[in-house]
Amino acid sequence: MSEKKDIESAKSLHTPEVISVNVSDAHRSAPQRFFDSFKRMEFDDDIDPNLSEVEKAAIATARSPLNRSLKNRHLQMIAIGGAIGTGLFVGSGGALSSGGPAAVLIGWILVGIMMYSTVHALGELAVAFPVSGAFVTYNTRFIDASWGFTMAWNYAMQWLVILPLELVAASLTIQFWNSSINTVAWVAIFYVLIVSINFFGVRGYGEAEFVFSIIKVIAVIGFIILGVVLVCGGGPKGGYLGGTYWQNPGAFAAGFKGVCNVFVTAAFSFGGTELCGLAAAETANPKKSLPKATKQVFWRITLFYIVSLTLVGLLVPWDDPKLISKNSVDASASPFVIAITNAGIGGLPSVMNVVIMIAVLSVGNSSVFGCSRTLASLAIQGFAPKWVGYIDRQGRPLAGILISCIFGLLCFIAASPKEGTVFNWLLALSGLSSLFTWASICACHLRFRRALTVKGRGVDELAFTSQCGIIGSWFGIILNVLILIAQFWVALFPIGGSPNAADFFESYLTVPVLIAFYVFHKLWKRNWSWFIRAKDIDVDTGRREVDIELLKQEIAEEKAFIASKPFYYRLWHVWC
């Protein structure tokens, strides 16, 4: 079939053909409309059985009837503040203690550049193909079905495990004020809250993240302003600090191994950054909203991570004993709290603990969203039972939400004395998941660009292109591989410890699990190919704008319009 015919045939595949319900909303009672909303969405899922597995997956994900009600403001706040969590507020304290302030900056800057490249690669793909599952399905489409199966289950497991962990973590933050009430009571309250939010569908997730993100952003900006004042000697205790702690006790705590250890913590703190790409399929206008959200990740990385951690390194010495945390949400071990406490300011530590609790709940909320959409995508691609892909008339992946919530009941293990052991091994299942996800996004971008080149087509037909290009994607793959190597070294020979099998597998269990998934799919589907050849990659199915020539004209006109504007406008357009 010719290229022109390929494009024409894609026109019937880019949107779901939803079969309307005969009974009008006006003639049904409110309770009836409520119960009817949980019925399965009826849409055209009839696909030619003679197509290949990859072709079927591309068509099915393009037709998925997810609700497209996320607005521009939702996506902007998810991009700016969605991933700000305990990795920054608390985990950075452990990184400072083991690596020192210079190691923290090196680690976060390099991982930040990698994340910027990765999000731009994802933005380019998601604007072009806002399909169900986004990058979860791109692996099947641009690399290989077995790799797609592995990465999709990897991502689903990551969020499946995180929900009960974050619910328990949120309950532990309450102990900052009151330790007499059993944590299980708080676990139950937070569980009901998260479940309720997600049963409002993508709009509920979007509104909750909008509020959570605003609170986190205000907290970080407030700390930055306060930090500058404290470094300059304007706190209650007074005295100019400057770079004192960089000289004594020093910039590095454990040399090169300390830097390697920081890489892993930095990567953890950026977890969830890719969610704005996953939300593309449920965005009203991804062509308009997603490029802005993608560009604004730069400000999150620069302002909220690099600037705030630079100030933390100037305000807190790496040998401060309070940096040793009792758990991942121990507010007293947060370098942000320690900096405020050391300056002699009362009251603010409680405020920061509220922010930490909100950050934890935000991650729990995101876990249900990420897991349910990934599970729905798995079912649509034929990688999970068909019922797992149940989407109701409100566009909610109901089965995925229920599975995530049922697995979340593991949070009540908090009442067991074996809670720590169980959660450590649960976390080990997905400890390195994000690194594989990010590397795969970059690989998908490279394969997509290669397919365009082989087919004689170019980036002039793309509404948004990565500012980092293919160089950024190569950098993303290389740095993720280096972080995996560094984590292997640190896990095998921990700082200040000796090799230990249990500790090693708690850090590296993800790898053998992924190998098992990959081999299982190869044997199950008898898929003996390593990758899809560039000439066979489908670069049309799933596009919302299927008239390529018209799209090229619109893109050219937009570029000409921007070029005619003053310098400050063009600069604003680049970064916002």
Side-chain angles (χ1 to χ4, degrees), residues 69-92 119 158-159 162-174 176 186-187 189-224 268-279 282-283 289 292-293 296-297 299-301 303-305 308 328-329 331 334 336-337 350-373 401 404-405 408 411:
S69 59
L70 272 185
K71 296 183 178 179
N72 184 49
R73 63 182 176 88
H74 296 135
L75 212 58
Q76 306 315 308
M77 290 312 299
I78 290 170
I80 292 174
I84 299 174
T86 54
L88 174 64
F89 291 127
V90 180
S92 58
V119 172
Q158 172 187 336
W159 289 119
I162 284 176
L163 177 59
L165 292 173
E166 295 302 319
L167 288 169
V168 173
S171 70
L172 292 176
T173 60
I174 301 295
F176 185 85
W186 295 111
V187 164
I189 292 171
F190 293 138
Y191 177 83
V192 172
L193 175 64
I194 296 298
V195 171
S196 300
I197 288 172
N198 279 275
F199 270 100
F200 280 100
V202 69
R203 190 68 179 270
Y205 163 75
E207 293 294 353
E209 282 306 300
F210 182 77
V211 175
F212 291 157
S213 294
I214 285 177
I215 294 172
K216 290 185 284 186
V217 166
I218 291 173
V220 175
I221 291 175
F223 175 81
I224 289 172
F268 170 75
S269 75
F270 282 105
T273 305
E274 71 288 339
L275 278 172
C276 61
L278 189 65
E282 297 174 77
T283 303
S289 303
K292 290 183 178 180
Q296 287 172 2
V297 169
W299 299 108
R300 180 208 292 175
I301 294 169
L303 188 63
F304 303 137
Y305 286 88
S308 66
S328 63
V329 288
S334 167
F336 292 79
V337 173
S350 288
V351 174
M352 187 55 68
N353 192 63
V354 171
V355 175
I356 291 171
M357 183 175 68
I358 288 171
V360 171
L361 290 174
S362 174
V363 175
N365 183 43
S366 295
S367 70
V368 179
F369 175 83
C371 182
S372 60
R373 273 62 183 176
I401 292 173
S404 182
C405 293
C411 61

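What's counted below: heavy atoms across the whole structure, side chains too, no hydrogens, waters or symmetry copies.
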Give, for atom [atom1] of [X] and atom [atom2] of [Y], the distance between the pair rounded to the nearest 0.5 Å.
X	Y	atom1	atom2	result
Leu303	Ser308	CG	OG	8.0 Å
Thr273	Ile84	OG1	CD1	9.5 Å
Leu165	Cys411	CG	SG	10.0 Å
Tyr205	Phe210	OH	CZ	13.5 Å
Cys276	Gln296	SG	CD	10.0 Å

Hey, is the main chain of [Y] close enough, under 3.5 Å, to the side chain of [X] for a donor-acceptor pair?
X	Y	answer
Thr173	Ala170	yes
Ser171	Val168	yes
Ser362	Ile358	no

Could you walk me through whether Ile356 and Ser334 satisfy the side chain to side chain contact (heavy atoms under 4.5 Å, CB included) test, starting with their C-alpha distance in whole Å, then the side-chain angles of each, then the deciding distance to 0.1 Å, before giving a yes or no? CA-CA 9 Å; Ile356 291 171; Ser334 167; 4.2 Å; yes
Using a 4.5 Å cut-off on heavy atoms from C-beta on, say whether the side chain of Leu163 contacts that of Cys371. no
Side chains of Leu275 and Trp159 in contact at under 4.5 Å (non-hydrogen atoms): yes
For residues 190-203, run the donor-acceptor check on the side chains, cut-off 3.5 Å, and write out each pair with its distance to 0.1 Å, sequence neighbours left out.
{"unit_1": "Tyr191", "atom_1": "OH", "unit_2": "Cys405", "atom_2": "O", "d": "2.6"}
{"unit_1": "Ser196", "atom_1": "OG", "unit_2": "Val192", "atom_2": "O", "d": "2.7"}
{"unit_1": "Asn198", "atom_1": "ND2", "unit_2": "Ile194", "atom_2": "O", "d": "3.0"}
{"unit_1": "Asn198", "atom_1": "ND2", "unit_2": "Asn365", "atom_2": "OD1", "d": "3.0"}
{"unit_1": "Arg203", "atom_1": "NE", "unit_2": "Glu207", "atom_2": "OE2", "d": "3.4"}

What one should report as the nearest heavy-atom pair of Val187 and Leu167 is CG2-O, 4.0 Å
Closest heavy-atom pair, Phe304 versus Leu88, reported as atoms and distance to 0.1 Å, is O-CD2, 3.5 Å
Aromatic rings Tyr305 and Phe270: how do their planes relate, parallel, tilted or perpendicular, breaks at 30° and 60°? parallel
Is there a side chain to side chain contact (heavy atoms under 4.5 Å, CB included) between Ser92 and Phe336? Walk through the geometry before answering. CA-CA 9 Å; Ser92 58; Phe336 292 79; 3.9 Å; yes
Ser367 versus Glu166, side-chain donor and acceptor atoms under 3.5 Å: no
